[in-house]
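Take a look at the structure set out below.
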Amino acid sequence: AQSVTQPDIHITVSEGASLELRCNYSYGATPYLFWYVQSPGQGLQLLLKYFSGDTLVQGIKGFEAEFKRSQSSFNLRKPSVHWSDAAEYFCAVGVMVDGGSQGNLIFGKGTKLSVKP
Amino acid sequence: EPEVTQTPSHQVTQMGQEVILRCVPISNHLYFYWYRQILGQKVEFLVSFYNNEISEKSEIFDDQFSVERPDGSNFTLKIRSTKLEDSAMYFCASSESPRAPKYFGAGTRLSVL
């Protein structure tokens, strides 16, 4: 069965430090991969997506993610974290099944990011 | 930037009551979704909707749930007889196509007492 694992429940980094949030997926075919961010009281905002092609994808707010098929991973990175990046981050895989699936998303449990001054 | 809007932001109801959660998807989107997130748990898929009919639903989406697009702009989720375990944040999403990114609303927090 398809699944997404985010092994880190909570990460704290210092402002200006680099960040890497881990995501591993289990999916039989080529996945469609997404990272979403949720600030308190807000909805899920799309940070970036991977469908095919270049395995390093750039997103909004200075984030990037790298798809590594051999490791079934899609880790999110940012070279220098800002205090406003404090939020919860969700990795998701889009499930496409032959026969007309509408491509629903399977989410990981999320990683809460805290940023200390 | 166009966005998905959901109302109300917080709904409190008594167990056994019916609730309707409302969503206005992005105007040129054709695919609509409901997800929910029970506190402390994953965001879970409930249902997808296209061309005025349900195209996919999860095990969670039982007979107590229904969706409707009553007019050209709204997309609703109805829970006929709420249970305590229905307490969750409910997210509406829309997309241009199945493979396109899904844009989510801010959610409706449903509290069943």
Side-chain angles (χ1 to χ4, degrees), chain A residues 1-7 9-10 23 25-26 29-53 57-61 63 65 87-112, chain B residues 1-7 9-10 21 23-26 29-61 67 88-109:
Chain A
Q2 302 92 351
S3 65
V4 176
T5 302
Q6 293 180 250
I9 297 172
H10 190 185
C23 172
Y25 67 90
S26 172
T30 300
Y32 300 90
L33 295 160
F34 306 85
W35 275 98
Y36 285 86
V37 60
Q38 184 181 29
S39 299
Q42 303 295 312
L44 295 162
Q45 182 183 21
L46 179 69
L47 281 177
L48 48 76
K49 60 187 184 292
Y50 170 79
F51 284 175
S52 64
V57 293
Q58 302 297 321
I60 62 171
K61 306 184 180 185
F63 285 92
E88 190 149 21
Y89 292 80
F90 294 91
C91 181
V93 62
V95 178
M96 298 300 297
V97 177
D98 290 340
S101 165
Q102 297 307 307
N104 71 66
L105 297 176
I106 295 175
F107 283 86
K109 279 194 165 184
T111 298
K112 184 175 180 181
Chain B
E1 182 178 311
E3 58 180 21
V4 176
T5 56
Q6 291 185 244
T7 54
S9 56
H10 191 189
L21 310 183
C23 170
V24 179
I26 294 172
H29 286 184
L30 302 175
Y31 295 81
F32 313 116
Y33 310 84
W34 284 100
Y35 288 77
R36 80 172 185 190
Q37 183 182 28
I38 295 172
L39 189 64
Q41 299 188 23
K42 293 184 181 186
V43 177
E44 301 172 292
F45 168 75
L46 291 179
V47 66
S48 59
F49 190 86
Y50 169 70
N51 200 25
N52 277 323
E53 59 183 28
I54 290 173
S55 43
E56 237 183 322
K57 59 183 181 180
S58 71
E59 294 174 349
I60 303 167
F61 194 88
V67 290
M89 181 74 89
Y90 288 81
F91 292 106
C92 174
S94 68
S95 65
E96 292 178 332
S97 70
R99 288 182 171 79
K102 287 142 184 65
Y103 291 89
F104 285 79
T108 294
R109 179 166 298 285

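Per chain, numbering begins at 1; letters A, B, ... match sequence-line order.
For the ring-ring contact (aromatic ring centres under 6.0 Å, His included) test, no residue two or more places apart in sequence or in another chain qualifies with Tyr90(B). Partners of Gln58(A) under the side chain to side chain contact (heavy atoms under 4.5 Å, CB included) rule, at least two apart in sequence or in another chain, are Leu56(A), Glu64(A).
With a 4.5 Å cut-off on non-hydrogen atoms, Leu46(A) touches chain B through its side chain but not through its backbone. Contact of Gln38(A) with chain B is made through the side chain alone, with heavy-atom distances under 4.5 Å. If you measure heavy-atom distances from Lys109(A) to chain B, the contacts under 4.5 Å come from both the backbone and the side chain. For Gln37(B), the part lying under 4.5 angstrom from a heavy atom of chain A is the side chain only. Residue Ala100(B) touches chain A through its backbone alone, counting heavy-atom pairs closer than 4.5 Å.
The distance from atom CZ of Phe91(B) to atom OH of Tyr36(A), rounded to the nearest 0.5 Å, is 11.5 Å.
Across Phe34(A), Tyr89(A), Trp35(A), a single residue satisfies ring pair (Phe, Tyr, Trp, His ring centres under 6.0 Å) together with Phe63(A), and that is Tyr89(A).
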Pair Tyr33(B)-Ser95(B), side-chain hydrogen bond (donor to acceptor under 3.5 Å, both in side chains): steps then yes or no: CA-CA 9 Å; Tyr33(B) 310 84; Ser95(B) 65; 3.2 Å; yes

